[in-house]
Amino acid sequence: MIRGIKGIKDITPDEIPKWSVVERSAHALAQAFGFHEIRIPVFERTDLFVHSIGGTTDIVEKEMYTFPDKDGTSLTLRPEGTAGVVRAFIERGLKTYEASRKLYYIGPMFRHERPQAGRLRQFHQFGVEYVGSSDPSADVEVITLLWRYFSALQLPGLSLELNSLGQLADRQAYKEELVSFLKTKADGLCENCRRRLETNPLRTLDCKVPKCREATTDAPFLTGFLSTSSKEHFDRVLQGLQALAIPYSINPRLVRGLDYYSMTTFEVSSSVLGAQNAIGAGGRYDGLFETLGGVPTPAVGFAIGLERVILALPDSSLPELEPWVFVASFGKKGREVGNTLMDSLRSHHLKADTDYTASTLKTLLRSADRLNAPYVVIIGDDEAANNQVILRNMATKEQEIHALDSASTAIRKRLGFRKHVET
RNA sequence: GUGGGUGUAGCUCAGUUGGUUAGAGCGCCGGAUUGUGGAUCCGGAGGUCGCGGGUUCAAUUCCCGUCACUCACCCCA
């Protein structure tokens with residue numbers, strides 16, 4: 001047997017109802033906020049990700065699926081969505097279309113990590129990018145969409161954390177101060193963090209190793225190094241969230257793992273998820289356009305891990321099933337009539353199905369029961385001879401007789417089915 | 001990349017100091033009910049005990065290796 005790849009899952013039909021809800025809500029809400037869908041490739045030149053995500057991040061250092069194209073060009077399966085969206089934005093000149101300043105995407109991402117609960121090698125993200133505005137209202141709008149999305153799906157145990165990384169200059173001043181502080185504590189740091197001292201000192205702050213937490217307890221926080229304008233921006237974001245009654249807490253240790261973030265960063269986690277509890281996160285990335293060769297353009301966005309959303313999704317968020325009928329036809333003539341009626345119902349987009357492996361009324365009904373059919377149309381040779389059909393309500397066991405020639409419309413009416421055929 | 005746990009029927013799991021035909025519940029198929037599902041009763045099908053090697057008269061059980069799954073670390077959505 002040829003097996004699937006480690007960490008890459010099939011989404012089977014029984015899981016699809018949850019995926020449908022999660023995806024439909026994403027489309028509906030993003031569009032309600034004025035975002036437009038964009039579909040970008042699942043692979044790009046490796047350079048794009050190295051430059052945008054940052055060469056010293058774990059993602060780039062060891063988690064990318066990278067392979068040479070036939071001409072030797074290094075290509076990579078996208079580990080996240082923002083880089084590709086920004087690339088497309090610059091390359092396609094999307095700024096000339098006002099509508100394209102607010103973009104969203106849904107699709108698979110790839111990272112070579114050890115799989116565990118809520119972490120897969122192919123996973124799916126719903127992300128948005130609000131391009132072109134440095135106004136704190138844009139941050140607020142993006143965070144609001146993130147929060148409203150989770151609320152609409154009734155995900156339990158959520159909390160929103162915010163931080164500001166300041167502008168580049170703020171961060172550089174802070175970095176120097178932080179490094180000199182950390183050097184006095186170097187003995188108390190884990191091996192990883194001692195390396196980070198050189199490569200990415202900010203990340204020592206959200207290290208989970210207890211002795212590192214202890215060592216950094218008295219570390220200076222970035223908050224104290226924010227410029228007046230950075231501070232004002234952050235304050236206005238907080239005010240905006242308060243005005244919309246979105247609950248948040250400030251976490252000065254919240255440092256995002258991707259290099260391109262600046263100013264506002266945020267993360268939503270769920271207490272019902274286990275170790276991988278970050279369910280959606282993002283921030284402002286005002287410098288990324290320039291890094292990727294575009295004109296300097298402010299932007300803010302988020303990404304949500306859909307597998308994690310689905311893990312946290314309560315059954316009560318699933319929609320009620322659409323009504324449908326099971327056609328229980330048997331006998332030579334009965335089958336003929338049944339198949340004709342079934343085709344008529346389907347042509348009107350009412351779901352109608354049967355089970356050709358069942359040939360007696362008993363087995364047909366059992367099959368209908370197993371499929372949770374709310375209604376069954378019974379057509380044996382007797383009914384066929386009389387030009388009648390029986391409509392059985394499976395829950396109440398009530399049966400009514402309909403004339404064959406009006407059966408299709410009568411059944412649709414009985415089920416309260418209103419869908420029209422699009423021509 | 002590093003640790004821990006688990007691999008026995010379609011699913012969830014038992015399996016007693018190693019002992020002869022490996023069990024249960026659920027599910028599935030059939031019958032009781034020859035044109036009326038779910039409940040009940042009766043019967044039935046279904047297993048290379050993950051794979052490879054070793055110890056032994058004998059291994060699902062003990063040892064080694066290996067693969068898979070899983071949880072956690074790391075990291076992140």
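Protein chains get the first letters and strands the later ones, always in sequence-line order, with residue 1 at the start of each. Nothing here was measured: the structure is a model prediction, and the numbers come from that model.
- Distance CZ (F123(A)) to C1' (C76(B)): 8 Å, rounded to an integer number of Å.
- Residues passing the side chain to side chain donor-acceptor pair (under 3.5 Å) test with S359(A): none are found, sequence neighbours excluded.
- Here A368(A) lies out of heavy-atom contact (under 4.0 Å) with every strand.
- Here, G54(B) and G44(B) have their C1' atoms 40 Å apart, quoted to the whole Å.
- For the pair G274(A) and I279(A), both in contact range of RNA chain B, the more 5′-proximal nearest nucleotide belongs to G274(A).
- Across G35(B), G37(B), A77(B), the shortest atom-to-atom separation from the side chain of A278(A) is found for A77(B).
- Spacing of C1' atoms, C41(B) relative to C51(B), comes out at 43 Å, to the nearest Å.
- Atom name P, nucleotides A14(B) and G31(B): the rounded distance is 35 Å, in whole Å.
- Between the CZ atom of R392(A) and the P atom of G35(B) there is a distance of 15 Å, rounded to whole Å.
- Considering every non-hydrogen atom in both V22(A) and Y149(A), the closest pair reads O-OH, 2.8 Å.
- Counting any heavy atom pair closer than 4.0 Å across all strands shown, L120(A) reaches a base atom.
- In this model, a side-chain donor or acceptor of R119(A) finds a partner on the base of C74(B) within 3.5 Å.
- The side chain of D369(A) lies closest to G37(B) when the candidates are U70(B), C76(B), G37(B).
- Across U20(B) and G38(B), the matching C1' atoms stand 43 Å from one another, rounded to whole Å.
- Side-chain atoms of R366(A) and base atoms of U36(B) include no donor and acceptor less than 3.5 Å apart.
- In this structure, CD of Q276(A) is placed 14 Å from C1' of U70(B), rounded to the nearest angstrom.
- Taking side-chain N and O atoms only, Q116(A) has a distance below 4.0 Å to OP1 or OP2 of A72(B).
- Among the heavy atoms of the strands lying under 4.0 Å from G118(A) is at least one base atom, whether or not backbone atoms are also near.
- Counting atom types as modelled, E61(A) pairs no side-chain N or O with a base atom of G1(B) as donor and acceptor under 3.5 Å.
- Taking atom CD1 on I401(A) and atom P on U36(B), their separation rounds to 15 Å, with Å as the unit.
- Just one of F302(A), F150(A), W19(A) meets the ring pair (Phe, Tyr, Trp, His ring centres under 6.0 Å) condition when paired with F126(A); it is F302(A).
- Residue R24(A) places its CZ atom among 12 or fewer non-hydrogen atoms of other residues, nucleotides or ligands, all under 6.0 Å distant.
- Not one side-chain nitrogen or oxygen of R370(A) sits closer than 4.0 Å to the OP1 or OP2 atom of G27(B).
- Among G37(B), U2(B), U70(B), the nucleotide with an atom closest to any side-chain atom of K9(A) is U70(B).
- Among residues two or more places apart in sequence or in another chain, the salt bridge (Lys or Arg N to Asp or Glu O under 4.0 Å) test is passed with E400(A) by R414(A).
- Distance check on atom P: C29(B) versus G65(B) gives 45 Å, rounded to whole Å.
- RNA chain B forms stems at B:1-7 with B:67-73, B:10-13 with B:23-26, B:28-32 with B:40-44, B:50-54 with B:62-66, each a run of 3 or more consecutive Watson-Crick or G-U wobble pairs whose two key distances fall under 3.5 Å.
- Residue order along RNA chain B, read from the 5' end via each residue's closest nucleotide, puts A117(A) first among A117(A) and L306(A).
- Both thresholds, 5.5 Å between centres and 30° between ring planes, are not jointly met by F330(A) relative to the base of G35(B), so the two rings are not stacked.
- Using modelled atom types and a 3.5 Å distance limit, the side chains of S406(A) and T409(A) yield no donor-acceptor pair.
- For C69(B), one of the phosphate oxygens OP1 or OP2 lies less than 4.0 angstrom from a side-chain nitrogen or oxygen of K6(A).
- Regarding L365(A), its CG atom lies at a distance of 11 Å from the C1' atom of G38(B), rounded to whole Å.
- Atom pair D259(A):CG and C76(B):P shows a separation of 10 Å (rounding to whole Å applied).
- D14(A) and T12(A) are linked by a side-chain donor-acceptor pair at a separation below 3.5 angstrom, with hydrogens and angles left out of the test.
- Distance, Q399(A) CD to G37(B) C1': 11 Å, rounded to whole Å.
- The number of heavy atoms from other shown groups lying within 6.0 Å of CZ (F43(A)) does not exceed 12.
- Aromatic ring orientation, Y285(A) versus F289(A): parallel (interplanar angle below 30°, classes split at 30° and 60°).
- Ranking G35(B), C76(B), G37(B) by closeness to the K397(A) side chain, first place goes to G37(B).
- Comparing the P positions of G18(B) and U12(B) gives an interatomic distance of 28 Å, to the nearest angstrom.
- A58(B) and U2(B): their P atoms are spaced 38 Å apart (whole Å).
- Nucleic acid contact class of L364(A) (heavy atoms, under 4.0 Å, all strands): none.
- Rounding to whole angstrom units, CZ of residue R114(A) and C1' of U70(B) are separated by 10 Å.
- G47(B) and G23(B): their C1' atoms are spaced 11 Å apart (whole Å).
- Here G35(B) is the nucleotide among G35(B), U33(B), A72(B) with the atom lying nearest to any side-chain atom of D382(A).
- Using modelled atom types, one finds a donor on one side chain and an acceptor on the other under 3.5 Å when comparing D135(A) with S137(A).
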